[in-house]
Amino acid sequence: MERTQIGDLRKHIGETVRIQGWLQTLRDQKKMQFLVVRDMSGLVQVVVEKAAMPDEAAVISGANVESVLTITGKVIDNPIVKLGGLEMQLESVRLDSKADAPLPLDPSAADLPAIDYRQDWRFLDLRRAENLLMFKVQTTVLMAMREFWVKDNFIEIQSPKLLGAPSESGAELFELPYFDRKAYLAQSPQFYKQMGMAAGFDGVFEIGPVFRADPSFTSRHMTEFTSVDMEMAYVESHEDVMAYQEKWLAYIIQRVKEAHGEEIKARFNADIEVPSLPFPRITMSEALAILKAEGYQVPPEKKGDIDPGGERVIGKYVKEKFNHDFVFLTDWPIAVRPFYHMRYADAPGITKSFDLLGKGLEITTGAQREHRYEMLAEQASEKGLNHEPIQFYLDFFKFGCPPHGGFGFGLSRFMMILLDIPNIRETVYLFRGPTRLNP
RNA sequence: GACUCCGUGGUGUAGCCCGGUUAGCAUGGAACCCUGUCGAGGUUAAGGUCGCCAGUUCAAAUCUGGUCGGAGUCGCCA
């Protein structure tokens with residue numbers, strides 16, 4: 001008999017079907033057994049009259065909660081049953097995998113253990129309905145991203161994560177032995193996605209891991225995370241990149257709303273709203289003025305940058321003033337931007353760059369890139385960078401490279417703001433941080 | 001790297017401020033009971049020398065110092 005999804009049982013009233021899943025609850029009474037069985041699609045109550053089937057009842061009595069069962073039985077419409085108004089009358093049962101008792105972590109318990117403990121038992125934690133939904137949503141997000149790009153003839157790339165030389169700063173690179181020399185884990189696909197521009201791919205994107213050796217202990221940092229990166233050719237300015245990104249994001253959110261909006265509301269109490277276009281844009285000098293007017297003191301050593309507290313204030317300001325969850329902060333001073341960001345011809349102290357804040361959280365950095373070899377080389381020197389390790393990169397711009405721009409986007413940070421989840425460790429399959437390498 | 005807070009049975013917590021009887025509660029696990037239960041219910045017993053080390057004291061979960069672990073904020077960023 002084929003397996004029936006529990007969520008589809010309503011279509012099989014009166015039929016005998018086969019379900020497979022976890023024993024979530026067992027109420028073992030003198031004459032009757034009531035079991036709640038869970039699969040990815042839902043929950044169902046299964047009833048057993050002990051006297052009628054003593055062998056089956058014995059198997060069930062010996063199975064602990066979270067054991068995996070295969071059950072056949074007849075689907076009965078029964079409005080008295082609180083769980084979906086239907087139940088299955090058991091005909092046969094097979095114990096496929098017995099769970100030990102007690103469980104270190106009960107996926108259906110009302111109280112949640114601390115996040116550190118849950119990470120130790122992540123596979124059990126992931127059995128929780130919230131987490132299943134989280135990854136269903138993430139799958140939809142990733143698919144929508146690809147759909148949007150593929151429709152626009154973007155090329156998907158996989159750039160190497162093993163690097164031969166520290167490039168940009170080097171401070172946050174993980175170093176590892178590589179045969180008889182050293183290698184480094186990529187902290188960004190930045191240079192390699194720009195190579196796609198020089199390669200004649202008009203648009204490229206990459207969704208893949210990046211590694212940052214930052215000893216950051218916050219609710220929004222990881223040492224390994226999934227970066228969503230894109231680069232597009234023939235832009236006139238960073239405005240073209242922002243205009244693209246906001247359409248892209250609105251499409252993704254639209255797809256999430258269609259596929260999961262109601263369930264997200266029920267499980268996370270988060271409203272999925274498709275953002276209006278265009279997103280508000282605020283230049284950095286405006287942002288600093290707004291913060292001043294709001295009475296927020298940016299630490300003086302920030303030199304034109306904004307600290308996380310300031311970003312939250314800007315996020316709140318934009319919500320109140322424009323009723324918008326997103327805001328582009330544009331035109332950052334060169335001091336706080338990398339050498340490859342293009343600068344304004346008429347204002348060389350300002351880059352044609354942006355950050356995207358979602359609900360006050362930084363989820364993207366983007367810019368038009370400097371594609372003129374001489375300018376780029378000069379800006380690298382100005383930042384005190386040795387040309388030798390980045391010469392392969394500078395070469396991209398020596399033999400014809402279209403003007404271009406792009407962005408990097410934090411997948412898990414986006415999941416945080418989408419589902420109103422305060423800790424990034426909740427939004428990632430397995431968390432990696434300075435003190436977390438297992439499981 | 002800096003700072004703040006936390007560390008009590010498997011899990012979540014009360015007690016800590018104002019040291020002093022068997023460290024309380026909930027949940028989970030075990031056994032038994034229970035005309036269909038549904039956050040099931042009932043009874044019983046079990047499970048902790050209060051992260052670790054040292055100190056103060058007649059006496060420390062409680063006060064002090066150190067140490068380890070965790071959470072968070074900042075720096076850095078996605």
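Convention: sequence-line order gives letters A, B, ...; per-chain numbering from 1.
Near RNA chain B, meaning a heavy atom under 4.0 Å away, the residues from residues 57-78 of chain A are A:Asn64, A:Asn78. Within residues 354-363 of chain A, the residues that place at least one heavy atom under 4.0 Å from RNA chain B are, in residue-number order, A:Glu362, A:Ile363. Looking at residues 422-436 of chain A, you'll see A:Asn423, A:Ile424, A:Arg425, A:Thr435 sit with a heavy atom under 4.0 Å from some atom of RNA chain B. Residues from residues 118-129 of chain A with heavy atoms under 4.0 angstrom of RNA chain B: there are none.
Looking at A:Tyr340 and A:Gln194, their side chains never bring a donor and an acceptor atom within 3.5 Å of each other. Looking at A:Lys161 and A:Ser159, their side chains do bring a donor and an acceptor atom within 3.5 Å of each other. For the residue pair A:His260 / A:Thr140, a side-chain donor-acceptor distance below 3.5 Å is found, with atom types taken as modelled. Remark: the A:Asp307 side chain and the A:Tyr296 side chain contain an N/O donor-acceptor pair separated by less than 3.5 Å.
By the 6.0 Å contact criterion, OH on A:Tyr429 is open, its count of non-hydrogen atoms from other residues, nucleotides or ligands being 12 or less.
The nucleotide whose nearest atom lies closest to any side-chain atom of A:Gln45 is, among B:rG1, B:rA78, B:rC38, B:rC38.
Under 4.0 angstrom from either OP1 or OP2 of B:rC77 there lies no side-chain N or O belonging to A:Thr218. Look at A:Arg27 and you won't find any side-chain N or O under 4.0 angstrom from OP1 or OP2 of B:rC38.
Residues forming a side-chain contact (heavy atoms from CB on, under 4.5 Å) with A:Lys11 (at least two apart in sequence, or on another chain): A:Asp8. By the salt bridge (charged side-chain N to carboxylate O under 4.0 Å, His left out) test, A:Glu262 is found to be paired with no residue, residues two or more places apart in sequence or in another chain being considered. In this structure, the salt bridge (charged side-chain N to carboxylate O under 4.0 Å, His left out) partners of A:Lys319, at least two apart in sequence or on a different chain, are A:Asp325. Listed by chain and number, the residues in a side-chain contact (heavy atoms from CB on, under 4.5 Å) with A:Gln379 are A:Phe339, A:Arg343, A:Glu370 (sequence neighbours excluded).
Of the possible polar contacts, none joining the A:Lys30 side chain to the A:Lys50 backbone as a donor-acceptor pair under 3.5 Å is found. A donor-acceptor distance shorter than 3.5 angstrom exists from the side chain of A:Asn423 to the backbone of A:Arg425, with no hydrogens or angles considered. Within the 3.5 Å criterion, the main-chain N or O of A:Leu430 finds no donor-acceptor partner in the side chain of A:Arg432. Between the A:Arg337 side chain and the A:Phe354 main chain, a donor and an acceptor come within less than 3.5 Å of each other.
A:Val228 comes within 4.0 angstrom of nothing in the nucleic acid, heavy atoms only. Within the 4.0 angstrom heavy-atom criterion, no nucleotide atom of any strand lies near A:Leu105. A:Phe409 comes within contact range of no nucleotide atom at all, as no heavy-atom separation falls under 4.0 Å. Using a 4.0 Å heavy-atom cutoff across all strands shown, A:Glu87 reaches at least one base atom of the nucleic acid.
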What does the list of N/O pairs under 3.5 Å between the protein and nucleotides 32-35 of chain B look like, with a distance for each?
unit_1	atom_1	unit_2	atom_2	d
B:rC34	OP1	A:Lys30	NZ	3.0
B:rC34	OP2	A:Lys30	NZ	3.2
B:rC34	N4	A:Asp28	O	3.0

Show each protein N/O and nucleotides 2-11 of chain B N/O combination with a separation under 3.5 Å, one pair to a line.
unit_1	atom_1	unit_2	atom_2	d
B:rG10	O2'	A:Tyr117	OH	3.4

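Interface remark: the A:Ser216 side chain does not form any donor-acceptor pair with the B:rC77 base, using a distance-only criterion of under 3.5 Å. The base of B:rU37 does not come close enough to the side chain of A:Gln33 for any donor and acceptor atom to sit less than 3.5 Å apart.
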Using residues 97-108 of chain A as the side-chain source, report each donor-acceptor pair under 3.5 Å to any protein atom, sequence neighbours left out, with the distance given to one decimal.
unit_1	atom_1	unit_2	atom_2	d
A:Lys98	NZ	A:Gly62	O	3.3
A:Asp106	OD1	A:Ser108	N	2.9
A:Asp106	OD1	A:Ser108	OG	3.1

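In terms of position along RNA chain B, the nucleotide closest to A:Asp106 lies nearer the 5' end than the nucleotide closest to the other residue of the pair A:Asp106 and A:Gln89.
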Dot-bracket encoding per residue of RNA chain B, Watson-Crick/G-U cut-off under 3.5 Å, | denoting interstrand: ((((((((.[[[[.)....(...]]]]..((((.......))))......[[[[[..)....]]]]])))))))....
